[in-house]
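Since the structure comes first, as structure tokens, the remarks are kept for the end.
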Amino acid sequence: MSSPVLSLSTQGARRRLVWLGLSVSAALLPGLVQAQGDTYPAKPIRVMVPFNTGGAADTLARVIGVPLGQRFGQQFVVENRPGAGGTIGMEAGKRLPADGYGLILISNSQAVSEAIYPKLSYDLRKDFMPINVIADSPMVIAANPGIGVKTMPELVAYARKNPGKLSYGSCGVGTAHHLAMEIVKVEAKVDIVHAPYRGCAPATLDTVGGQIQVVVGSAPAVLPHIKAGKLVALAVTNPKRSRSLPDVPTIAESGVPELAKSAIGNWYGFMAPAGAPKERIALMDAAIREEIAKPEVGEKLSAAGIEVEVADAAALDRLLRGDIAQFTEVVTAGNIRPE
């Protein structure tokens with residue numbers, strides 16, 4: 001069965017985006033913040049993360065929250081609301097006051113949710129306003145060493161000989177991690193049982209413990225266990241290799257012929273409740289992009305497997321629209337349904 005994922009031009013388009021096409025000149029940002037900083041922010045900023053602790057989104061929010069807090073002299077409070085592919089957190093984000101003191105850190109898992117859930121309690125395009133794109137994190141397919149596979153071809157061969165006997169953990173139903181492995185299953189024609197978790201960290205820990213055999217997780221969750229030899233990295237799902245795992249092939253180059261054109265990335269960006277004051281959001285956008293561009297912040301994120309990729313609100317809107325359309329095709333072709 002062939003799936004539209006084999007023509008993932010969206011990923012190429014992302015890479016062709018002019019990432020440095022910022023709406024505010026970096027040279028003007030310090031002055032902008034200083035000029036308005038005495039009136040905003042005047043209280044802590046709430047950052048809603050619709051995923052569990054220990055994953056890429058949580059790591060990203062906490063790392064960037066430190067310099068932002070120092071910059072403004074206000075605490076950036078990270079609130080994790082995991083579950084249902086991030087839809088629970090998005091519902092909570094929708095209820096944040098539209099006053100510039102509430103941010104929502106999203107990923108393309110939100111686009112997956114639009115494709116996989118028949119009805120949501122919020123509308124991504126009506127209830128939220130895009131702010132920026134700030135990072136990308138590879139999704140890693142890794143296995144417990146106990147099953148004796150070290151490559152994607154070996155995993156596929158094992159699964160074909162033992163249909164339904166392997167289980168893979170994802171970071172939740174309706175996440176990009178879930179969809180990535182379902183694409184592998186459809187294209188490679190293998191039967192591997194999905195075991196959804198409420199976050200990448202618990203899925204990874206159960207794979208390390210042997211309760212399940214395979215995990216598709218964000219780099220921050222799986223990297224420490226790969227480095228410790230407790231997990232074997234088989235492939236990254238992104239269209240290019242990760243700087244944090246340079247020796248691990250992409251699924252497209254992993255040696256499985258059916259996956260030769262497959263790829264799915266994992267980007268992150270900020271949104272705010274619709275109706276938030278534009279001048280406050282512009283100030284926060286400028287501050288976020290200036291702080292995340294600093295070498296010391298980039299180094300911390302890179303060590304966790306997160307790569308800084310900056311773009312403006314218009315780019316985030318394009319990514320969401322493109323991924324929703326693309327993922328809807330994939331979900332339909334693969335008959336993927338929420339468990």
Side-chain angles (χ1 to χ4, degrees), residues 1-14 50-51 57 82-91 106-128 138-139 141 156 159 164 167-200 203 214-218 235-239 251-252 256 258-269 316-339:
M1 174 179 181
S2 179
S3 164
V5 74
L6 297 183
S7 59
L8 289 182
S9 58
T10 303
Q11 287 293 338
R14 291 177 189 157
F51 306 103
T87 60
I88 293 174
M90 294 305 293
E91 170 63 26
I106 73 161
S107 76
N108 58 341
S109 287
Q110 272 61 58
V112 178
S113 296
E114 289 276 324
I116 203 170
Y117 287 100
K119 187 176 181 180
L120 295 172
S121 60
Y122 58 85
D123 188 313
L124 269 179
R125 290 171 293 278
K126 293 181 180 179
D127 296 325
F128 303 93
M139 293 182 289
I141 301 174
V156 169
S167 295
Y168 83 90
S170 77
C171 308
V173 174
T175 60
H177 312 78
H178 172 205
L179 189 63
M181 194 62 181
E182 290 300 313
I183 288 169
V184 169
K185 288 168 56 177
V186 169
E187 297 302 327
K189 299 178 178 63
V190 293
D191 180 11
I192 303 176
V193 179
H194 181 212
Y197 284 77
R198 288 173 63 89
C200 291
V214 181
V215 65
V216 186
S218 60
V236 295
T237 70
N238 295 48
I251 53 174
V256 180
E258 296 89 343
L259 302 177
K261 295 182 181 179
S262 297
I264 181 169
N266 192 30
W267 51 260
Y268 295 88
L316 176 56
D317 185 66
R318 288 194 298 271
L319 287 176
L320 276 173
R321 291 176 182 274
D323 276 358
I324 289 169
Q326 170 187 286
F327 294 157
T328 299
E329 291 182 1
V330 174
V331 166
T332 301
N335 195 31
I336 300 169
R337 296 290 181 267
E339 282 87 346

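The model shown is predicted, which means the values in this text are computed figures rather than measured ones.
- With a 4.5 Å cut-off on side-chain heavy atoms, Ser109 and Phe51 count as touching.
- Atom CD1 of Ile324 is separated from atom OG1 of Thr328 by 7.0 Å, given to the nearest 0.5 angstrom.
- Legend: residues meeting side chain to side chain donor-acceptor pair (under 3.5 Å) with Ser170, ordered by chain and number and at least two apart, are His194.
- Gln110 places a side-chain heavy atom less than 4.5 Å from the side chain of Pro50.
- No donor-acceptor distance shorter than 3.5 angstrom exists from the side chain of Asp191 to the backbone of Ala159, with no hydrogens or angles considered.
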For Val184 and Ile192, what are the C-alpha separation, side-chain angles and deciding distance, and is it a side chain to side chain contact (heavy atoms under 4.5 Å, CB included)? CA-CA 10 Å; Val184 169; Ile192 303 176; over 6 Å; no
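- Atoms CZ and CZ, from Arg321 and Arg318 in turn, are 11.0 Å apart once rounded to the nearest 0.5 Å.
- When all heavy atoms are compared, the tightest approach of Gly169 to Ala203 is C-CB, 4.2 Å.
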Criterion side chain to side chain contact (heavy atoms under 4.5 Å, CB included) on Glu187 and Ile251, from CA distance to verdict: CA-CA 11 Å; Glu187 297 302 327; Ile251 53 174; over 6 Å; no
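- Summarising the geometry, atom CE belonging to Met181 is positioned 12.5 Å from atom OG1 belonging to Thr175; distances are rounded to the nearest 0.5 Å.
- Residues Trp267 and Leu320 meet the side-chain proximity criterion, which asks for heavy atoms closer than 4.5 Å.
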Show, in sequence, the C-alpha distance, side-chain angles and deciding distance for His177 and Asn266, and conclude whether the side chain to side chain contact (heavy atoms under 4.5 Å, CB included) test is met. CA-CA 8 Å; His177 312 78; Asn266 192 30; 3.9 Å; yes
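- Listed for the Asn108 side chain is no donor-acceptor partner under 3.5 Å among the backbone atoms of Ala176.
- The closest side-chain heavy-atom distance from Ile264 to Phe327 is below 4.5 Å.
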Intermediate values then yes/no, side chain to side chain contact (heavy atoms under 4.5 Å, CB included), Glu114 and Leu124: CA-CA 8 Å; Glu114 289 276 324; Leu124 269 179; 3.6 Å; yes
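- Closest heavy-atom contact between Gly83 and Arg198: CA-NH1, 3.7 Å.
- Closest approach of Val193 to Gly164, counting heavy atoms only: CG2-O, 3.7 Å.
- For the pair Ile116/Glu182, no side-chain contact is recorded, criterion being any heavy-atom separation below 4.5 Å from C-beta on.
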Output, in order, the C-alpha distance, side-chain angles, deciding distance and verdict of side chain to side chain donor-acceptor pair (under 3.5 Å) for Glu91 and Ser121. CA-CA 7 Å; Glu91 170 63 26; Ser121 60; 2.5 Å; yes
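- Put simply, the side chain of Ser107 never gets that close to the backbone of Tyr268: no donor and acceptor are under 3.5 Å apart.
- Across all their heavy atoms, Cys200 and Gly217 have their closest contact at SG-CA, 4.2 Å.
- Nearest heavy-atom pair, Asp123 versus Phe128, reported as atom, atom and distance to 0.1 Å: O-CD1, 3.8 Å.
- Considering every non-hydrogen atom in both Tyr117 and Gly85, the closest pair reads OH-N, 4.0 Å.
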